[in-house]
Amino acid sequence: MAKEITPRAENYSQWYNDIVKKAGLADNSAVRGCMVIKPLGFGIWENMKNQLDKMFKDTGHVNAYFPLFIPKSFLSKEAQHVEGFAKECAVVTHHRLMNDPNGTGVIVDPSAKLEEELIVRPTSETIIWNTYRDWIQSYRDLPLLINQWANVVRWEMRTRPFLRTAEFLWQEGHTAHATKQEAIEEAEMIHEVYARFAEDYMAMPVIKGAKTANERFAGAEDTFTIEALMQDGKALQAGTSHFLGQNFAKAFDVKFADNNNKEEYVWATSWGVSTRLVGGLIMTHSDDEGLVIPPRLAPTQVVIVPIPKPNETIMEVAEKLEKQLKAAGVRIKIDRDKKKRPGFKFAQYEMEGVPIRVGIGMRDLEKNVVEVARRDTKEKTSVPVDGLDRYIVDLLETMQNDLFQKAVDYRTAHTSETTDMEEFKGILENKGGFIKAHWDGTTETELKIKEETKATIRCIPNDEEPSDGKCILTGKPSKQRVLFAKSY
RNA sequence: CGGGGCGUAGCGCAGCCCGGUUAGCGCACCUGGUUUGGGACCAGGGGGUCGCAGGUUCGAAUCCUGCCGCCCCGACCA
């Protein structure tokens, strides 16, 4: 069973690749570092997107769309920003191809060179702030609360499906505010939205906190992050929300007149989550039999498998259940395939992570029951046909909560605290996970720890109580523990 | 870009070292039949520029050279 998936214990990254491939989430493509997102993978992303979009709109944001291309000159207007992204940009230099005069095929037409090269957006701050300059004159134009769903390109050296691809799908919010305080509140509010989404929908517990100066987004004054812990003990940065100060307003000369007609630069935020979340979802819940998807994001929540194959009596029960569950808002499908045997289908749906499987066969129907199997625990229960719809609706909810709790328990078991550098290294080596430790607050120390241990400061957690201590590396005084881990 | 591995049917592999008829196996696929409560069985069948380009040779999947691509480990990163 599940004979095609490498066990996690044997080789975690191979396990991850196997899941992506065998469950049919994504394929490698003809383009280096770019994946084809298959219907199951895209279905999960669509559900994420729909929920997030609703949450953004509920908090006052609207969607818009900006160009894929950014004039090269824009990128150089914010010094920090260009430094952060310059090394990984795809550049458009020409606009035409021609037949190769020396043979077959096409070549770039040298006469079609662009006056100014275009950069395929790695993120859209620059083109958006260049546009905002024209949109903002007065405090009455603020706040401007805009989100866009888009693809971006970052020419990464090493890619992995969903976790790091050269092209990825994401949303990027870009907001403009009259005051510093309001912008900070916006960034914090979105930070909260991300955390709520991760925990309530992905069933993926996250630590909320601020990034250190060293780990901050290029061009940000403050970066808030949600950090999740994967099953191999490595951390995943799952979403970031940035307070950009007036950096972009100054770079793109975006000013507004306040109510005293005094000209001020605008305060900004930006924030994003990407298809990386799908990778986080996989690594949080899945097991050696395949994908496990939390019910709220599962493209198919319930599958009905007639045993051994569809007949009139079975289909009557199946279709009635389908109708009831659809009415209750459950995403359900009936497997009407007569060619494949039940055992094959069971294995297949387990691989694909469908949360609940309902097996309906004549033997059970004589006793007026069906078999309900849950994907997360592999538990099978005989459930009376009467009241089955209610049972399933409740079970989906239970599974959602159980998955979250299981992930919380894992994280708790893999969160350590230490004051000793050797112990710190030992924990990283043997157990992994989050480590809370004191830090003297300098980038120099942070980098030295990274060099020695490969661990980075994931965040300065919001809910960490202040406590006096000594930096784990330098012994200098520290007021608060920070969260270390190896990360993706 | 450094270090390691690998490119042979959709997938997984054997053949290569030691060159020699028509390139093979398992899974998948197609047809027919028998099956059907945890990945069915039998029979028949289709599918290959052996990663690409050059070279050596009477003859290359096999030997030589160059290139390309992929995977794993590192540096970069969401």
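What you see is a predicted model, and the numbers here were worked out from it, not measured in a lab. Below, chains carry the letters A, B, ... as their sequence lines are ordered, and counting in each starts from 1.
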Worksheet item: Rounded to the nearest 0.5 Å, what separation is found between the CZ atom of A:R296 and the CE atom of A:M48?
Response: 14.0 Å

Worksheet item: Paired with B:C6: which nucleotide, if any, by Watson-Crick or G-U wobble criteria at under 3.5 Å for both distances?
Response: B:G69

Worksheet item: So, A:K345 and A:E352, do they make that salt bridge, N to O below 4.0 Å?
Response: no

Response to the item:
Atom CZ of A:R160 and atom C1' of B:C70 are separated, to the nearest Å, by 15 Å

Worksheet item: Which nucleotide, B:C76, B:G37, B:G74, lies nearest any side-chain atom of A:R363?
Response: B:G37

Worksheet item: With a non-hydrogen cut-off below 4.0 angstrom, is A:T123 in contact with a base, only sugar-phosphate, or nothing?
Response: nothing

Item to complete: Report the nucleotide, chosen from B:G39, B:A78, B:C76, that has the shortest atom-to-atom distance to any side-chain atom of A:K450.
Response: B:C76

Worksheet item: Expressed in angstrom and rounded to an integer, what is the separation of A:K21 atom NZ from B:C72 atom P?
Response: 11 Å

Worksheet item: What integer distance in Å separates A:Q237:CD from B:C76:P?
Response: 15 Å

Item to complete: Measure the CE-OH distance between A:M55 and A:Y194 for me, rounded to the nearest 0.5 Å.
Response: 11.0 Å

Response to the item:
When rounded to whole Å, the NZ to P distance for the pair A:K87 and B:C1 reads 16 Å

Discussion item. For the C1' atoms, the ones on B:U36 and on B:A78, what distance do you get once it is rounded to whole angstrom?
Written reply: 48 Å

Worksheet item: Within the structure, does a side-chain N or O atom of A:N17 lie under 4.0 Å from either OP1 or OP2 of B:C72?
Response: yes

Worksheet item: Under 4.0 Å between a side-chain N or O of A:R341 and OP1 or OP2 of B:G37?
Response: yes

Worksheet, complete the sentence: Residue pairs meeting side chain to side chain donor-acceptor pair (under 3.5 Å), one or both in residues 159-168 of chain A, sequence neighbours left out, come to A:N151-A:E167

Item to complete: Answer with yes or no after comparing the ring centroid distance for A:F56 and A:W271 against a 6.0 Å cut-off, counting only values under it.
Response: yes

Item to complete: State the pairing partner of B:C25; accept Watson-Crick or G-U wobble contacts with both distances under 3.5 Å, and report none otherwise.
Response: B:G12

Discussion item. Classify A:F217 by what it touches in the nucleic acid, base, sugar-phosphate, or nothing, heavy-atom distance under 4.0 Å.
Written reply: nothing

Practice prompt. Please measure how far the P atom in B:G51 lies from the corresponding atom in B:C6, and state the result in whole Å.
Written response: 14 Å

Item to complete: Starting from the 5' end of RNA chain B, give me the residue, A:K22 or A:A166, whose nearest nucleotide shows up first.
Response: A:K22

Worksheet item: Is the backbone of A:R458 close enough, under 3.5 Å, to the side chain of A:T456 for a donor and an acceptor to pair up by distance?
Response: no

Discussion item. Suppose you measure atom C1' in B:C52 against the same atom in B:G69; what distance do you get, rounded to whole Å?
Written reply: 10 Å

Discussion item. Given B:G38, B:A78, B:U36, identify the nucleotide with an atom nearest to the side chain of A:K380.
Written reply: B:G38

Item to complete: With P as the reference atom in both, quote the distance from B:U8 to B:G48 in angstrom, rounded to an integer.
Response: 15 Å

Worksheet item: So which nucleotide does B:C1 pair with, by the Watson-Crick or G-U wobble rule with both distances under 3.5 Å?
Response: B:G74

Fill in: Counterpart base for B:C63, defined by Watson-Crick or G-U wobble contacts under 3.5 Å
B:G55

Worksheet item: Less than 3.5 Å between a donor and an acceptor, one on the side chain of A:E371 and one on the base of B:G38, is that the case here?
Response: no

Worksheet entry | Listed nucleotide nearest any side-chain atom of A:P308, set B:G37, B:U36, B:G74 | B:U36

Item to complete: Could you let me know what B:U35 is paired to, Watson-Crick or G-U wobble, both distances under 3.5 Å, or none if it's on its own?
Response: none

Practice prompt. Figure out the CD/P separation between A:E88 and B:A75, and round it to whole Å.
Written response: 16 Å

Discussion item. In this structure, how many angstroms lie between the C1' atom of B:A75 and the NZ atom of A:K486, rounded?
Written reply: 15 Å

Worksheet item: Heavy atoms under 4.0 Å, any strand shown: does A:T223 hit a base, just sugar-phosphate, or nothing?
Response: nothing

Practice prompt. Return yes if a side-chain donor-acceptor contact under 3.5 Å exists between A:S124 and A:Q148, otherwise no.
Written response: yes

Worksheet item: In whole Å, what separates the P atom of B:U49 from that of B:A23?
Response: 13 Å

Fill in: Complementary nucleotide for B:G47 - Watson-Crick or wobble, under 3.5 Å
none

Response to the item:
5'-most contact on RNA chain B (nearest-nucleotide basis), A:A373 vs A:E167, goes to A:A373

Worksheet item: A:F344 has a side chain; which of B:G39, B:G37, B:A78 sits nearest to it?
Response: B:G39

Discussion item. Between P on B:C29 and CG on A:D337, what's the gap in Å once rounded to a whole number?
Written reply: 10 Å

Discussion item. Can you tell me which nucleotide in B:C77, B:A78, B:A75 comes closest to the side chain of A:F168?
Written reply: B:A78

Discussion item. Under 4.0 Å, counting only non-hydrogen atoms across every strand here, what does A:E156 touch: a base, just sugar-phosphate, or nothing?
Written reply: base

Discussion item. Treating A:H191 as the side-chain partner and A:A187 as the backbone partner, does any N or O pair qualify as donor plus acceptor under 3.5 Å?
Written reply: no

Worksheet entry | Atom P, compared across B:A28 and B:G39: separation rounded to whole Å | 13 Å

Item to complete: Give one of base, sugar-phosphate or nothing for A:Q14, where a contact means two heavy atoms less than 4.0 Å apart.
Response: nothing

Worksheet entry | P atoms of B:C29 and B:C1, separation to the nearest Å | 42 Å

Practice prompt. Side chain of A:A347 only, please: which of B:G37, B:C77, B:G39 is the nearest?
Written response: B:G39

Worksheet item: When all nucleic acid strands are considered with a 4.0 Å heavy-atom cut-off, which category describes A:L236: base, sugar-phosphate, or nothing?
Response: nothing

Item to complete: Starting from P on B:G69, measure out to CG on A:N28 and report it in whole angstrom.
Response: 14 Å

